[in-house]
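Let me begin by presenting the structure, written as C-alpha cells, before commenting on it.
Order of listing sets the numbers, starting from 1, for every ligand and every atom in it. Side-chain atoms are counted along with the backbone in the values below, which use heavy atoms only and exclude waters and symmetry mates. Each residue takes its place number in the sequence, starting with 1.
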Amino acid sequence: MAESNFEVIPYPEMWRDLDMDVERFDKSRLMLGEVYEKMYLTQPNRPAKMAYFDDMISEIFGRRIEEMLEVKKEGRPVVGTFCVYIPEEVVVAAGGVCVGLCGGSQGSIPDAEKILPRNICPMVKSAYGFKAGKICPYFQTVDFVYGETTCDAKKKTWEILDRLVPTHVMEIPQMKNKRDKALWLEEVKDFKDKVEDVCQKEITAADLNNAIQVINNKRKALQRLTALRAGNPAPISGKDALLIEQIAFYDEPVRFAEKVNELCDELEERVKVGTGVIDGGAPRVMVSGTPMALPNWKVHNLIETAGAVVVNEESCIGTRYFKDLIDESKSTIDDQLDVLTDRYMQIDCSCFTPNDDRIDQILKEYKDSKAQGILHYSLQFCHTYNIEEIKVREMCEKEGIPYLSIESDYSPEDVGQLQTRIEAFLEQIRG
Ligand code: BJ8
C-alpha cells in the first residue's frame, strides 16, 4: 500500500493563544491522525468526493477554528451546544456559529473523573473533561455554552461546567402536550434574547427566514445522503456516512450542504451503475440509539470490519437531527418561532414520556434503508435509552427483525467482547 501523507495539521501558536494545554493536546492530534488513517483511509472503493471530508478532519483543529475566531472578531456569537434541541437557526440568524462541542473521546474522561462521578454517561464526562483539561479548541473558542435539561447527568453537570465557561440552560419539556409546547416556545424566545444580547443586534424576520432556509438545506442534503444509502450494493460505507453526520455539527452550513450534495451526485451515479463499497450480498445493519460524537467510530468500525455495512443511524447524530424541516413560508418573527418550535417538538428523544413515535420511526427507517437487522446502541449509564430499549426490542420481536442491543462506553476494553457479539448477530442475519 502506498504511504499516506495524512496528518491532522497542528496550529500550536493559535492553541497557545486559546490558553490550551498544547503539549498534551498535540498528542491527541497525532493519535487522531493515526486512528483516522487506519480506520478511514484503508477503506476500499471510497467515493472520490470524500476528499473534502478527509480535509475537514485534517483541518479540524485549525482552519475551522480560525473561521470561528473571525466570526467572534466581528462581534458575532459563537455558541457551543451538546444537543440537537438547541435551535441553531437562531444563532445563524444572528450571523453566528453554532457548534456541537467535543464529547466523544476516552482521552478527556480522566480529567472529568477528578470531579464528576465515574458512573455517569461517558459523553457528559468526555465533554466536561475537554474543558477542564483545556484540550478542545472549540471549547476554548465559544462565547458561551447552551445546555439543556434532557437528562439528569447533563443538567447537573451544566452547573459545574458553568464555573469554567458561561453555561446557560434551556428547559426541555419532558412531555408533548399543549402546555409543554408553550413552555418550549418561551424557552426558544429567551434563547433568541440571549443571542441578541451577545451580538448586540436584533434578529429580523428576514434574518430568521434566511437562517431557516440555510439549515433546512443542510438537513435536506443529509436526507438525500440517507436515501442513497438504501442502494444495494451500498454506495458509501456507514463509517463515511457517520463521519459526514458528525462534521455537520461543526462545518459552515452552506458550504457543508454544497459538499454533501456534490458527494450525493457521485453516489447517485454509483447507484445507477451498481458500484458499491461492499458486495451486494453483505449484511445491512441499521444502528439506533444514543448519539456518537466525533471521534466515536467504535461500533461502525466493528460492524464493517466484520464484513457488513451500516445503512442508517437513527440517533441525534443521524436522522433525528435532520428528518424534520421548518416551514419556510412564515413572514413574522412570532410565526417563524412558532413553526420552529413545532419542528423541534418532533425530535423523539428518549427523555420524553411517552415516546412511542420513536418506535414507529425506527421501523419506518428500517424499511426505508432496506436494512436487515437493527443494532441498538446505548451509552453506559444512559437510563432513558437503556430503558426505552425494551420497547425497541419488543417491536423487533413482533416484526421478526434480527436484533442486537449493546451498551458501551468509549474505552477499548470491551472491543473483543463486542466483536464476538456483532459477529454472531451478523451470522443471524446471513442465516
Ligand atoms: S435530543 S439523545 S442529543 S439529549 S446519551 S447525554 S441523554 S445520558 S445525548 Fe441526546 Fe439531545 Fe436526546 Fe439527542 Fe444524557 Fe443519554 Fe448521555 Fe445523551
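Protein N/O/S atoms nearer than 2.8 Å to atom 15 (Fe) of ligand 1 total 1.
Side-chain atoms of Asp207 and Thr204 form a donor-acceptor pair, as typed in the model, at a separation below 3.5 Å. Between the side chains of Thr332 and Asp334, not a single donor N or O lies within less than 3.5 Å of an accepting N or O. Counting only N and O atoms by type, the side chains of Tyr344 and Glu89 include a donor and acceptor under 3.5 Å apart. Under the 3.5 Å distance criterion, with hydrogens and angles disregarded, a donor-acceptor pair is assigned to the side chains of Glu389 and Tyr403. In this model, no donor atom of one side chain and acceptor atom of the other lie less than 3.5 Å apart for Gln140 and Trp15.
In Val124, the part holding a heavy atom less than 4.0 Å from any atom of ligand 1 is the side chain.
Residue-ligand proximity, Cys316 to ligand 1, at heavy-atom distances under 4.0 Å covers atoms 1 (S), 2 (S), 3 (S), 13 (Fe). Heavy-atom proximity to Arg320, at under 4.0 Å, picks out these atoms of ligand 1: 2 (S).
At a threshold of 2.8 Å, atom 12 (Fe) of ligand 1 has a backbone or side-chain N, O or S atom of Cys349 nearer than that distance.
With sequence neighbours left out, the side-chain hydrogen bond (donor to acceptor under 3.5 Å, both in side chains) criterion links Lys364 to Asp368.
Aromatic ring centres of Tyr40 and Phe6: separated by at least 6.0 Å.
In this structure, the protein non-hydrogen atom closest to atom 11 (Fe) of ligand 1 is Cys83 SG, 2.4 Å.
Under 4.0 Å is where a charged nitrogen must lie from a carboxylate oxygen, and between Lys181 and Asp342 at least one such pair does.
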